[in-house]
Amino acid sequence: SAVISQKPSRDICQRGTSLTIQCQVDSQVTMMFWYRQQPGQSLTLIATANQGSEATYESGFVIDKFPISRPNLTFSTLTVSNMSPEDSSIYLCSVGRGGDFNEQFFGPGTRLTVL
Amino acid sequence: GNSVTQMEGPVTLSEEAFLTINCTYTATGYPSLFWYVQYPGEGLQLLLKATKADDKGSNKGFEATYRKETTSFHLEKGSVQVSDSAVYFCRRYGGSQGNLIFGKGTKLSVKP
């Protein structure tokens, strides 16, 4: 398994501001994923981040709103830009292992509330 | 399109009751199937998985069998405990596309 930490664990932010969420993994991984889990909902994949290349965004998510950095094989950041109350959610970092990275391990999540 | 459908919760059971949480999937090809559990205030943890038809995943007393003929991966436990109270997510990965698809989650509450 992989041990994943996220910072901050929670935050309350004002509308129009931006928040950068950090994800640290205890081992080198090729693929890292960022998910959003809105209250009472399932997980929605925001983007997939490979080290050394641009992140791949899912439908409905764009780089200007959710810029991602992947500077090395153990670290990634997700920024939620120009926040609105609709961005209030739990943001989860995940890494993939195994064939086709099909096995995933998750960080504890960052609970974001936008006022 | 490719998707996962879980039974809607919440599910409330008494301790030692039998648990079934239904999960069906649509996908072309042969996806891998997973169950994840999210305990209150924690991140998701892999509970069990099956990567091909007729495989049975098991862990902590939970079981699920990959049934291709019914495209299902139902989660079962013979005797639930209060500590099993959590949200359970079914997930499929792969098939003809490398999508990472989660079900909506089923909240389980076990009463003493």
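Note that the structure is a prediction, hence the values are computed from the model and not measured.
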Is the number of heavy atoms from other residues, nucleotides or ligands under 6.0 Å of B/Glu15 CD greater than 12?
yes
If I measure from the heavy atoms of chain A, does B/Gln45 come under 4.5 Å with its side chain, its backbone, both, or neither?
neither
Out of curiosity, does A/Tyr91 fall in the hydrophobic cluster containing A/Phe61 (side-chain heavy atoms, cut-off under 4.5 Å, transitive links)?
yes
Start with the C-alpha gap between A/Phe106 and B/Glu42, add the side-chain angles, then the distance that decides, and say whether side-chain contact (heavy atoms from CB on, under 4.5 Å) holds.
CA-CA 10 Å; A/Phe106 287 84; B/Glu42 298 184 17; over 6 Å; no
For A/Lys65, look at atom NZ and say whether over 12 heavy atoms of other residues, nucleotides or ligands are found less than 6.0 Å away.
yes
Are A/Ile4 and A/Leu73 connected in a single hydrophobic cluster, I mean Ile/Leu/Val/Met/Phe/Trp/Tyr linked by side-chain heavy atoms less than 4.5 Å apart?
no
Roughly how far apart are A/Phe105 CZ and B/Leu44 CG, rounded to 0.5 Å?
12.5 Å
A/Gln37 side, atom CD; B/Phe89 side, atom CZ - distance, nearest 0.5 Å:
4.5 Å
Enclosure of B/Gln81 CD (heavy-atom neighbours >12, cutoff 6.0 Å)
yes
Under 4.5 Å from a heavy atom of chain B, the part of A/Leu43 involved
both
If you count heavy-atom pairs under 4.5 Å with chain B, which of A/Gly109, A/Ser94, A/Pro108, A/Ser9 comes out on top?
A/Pro108
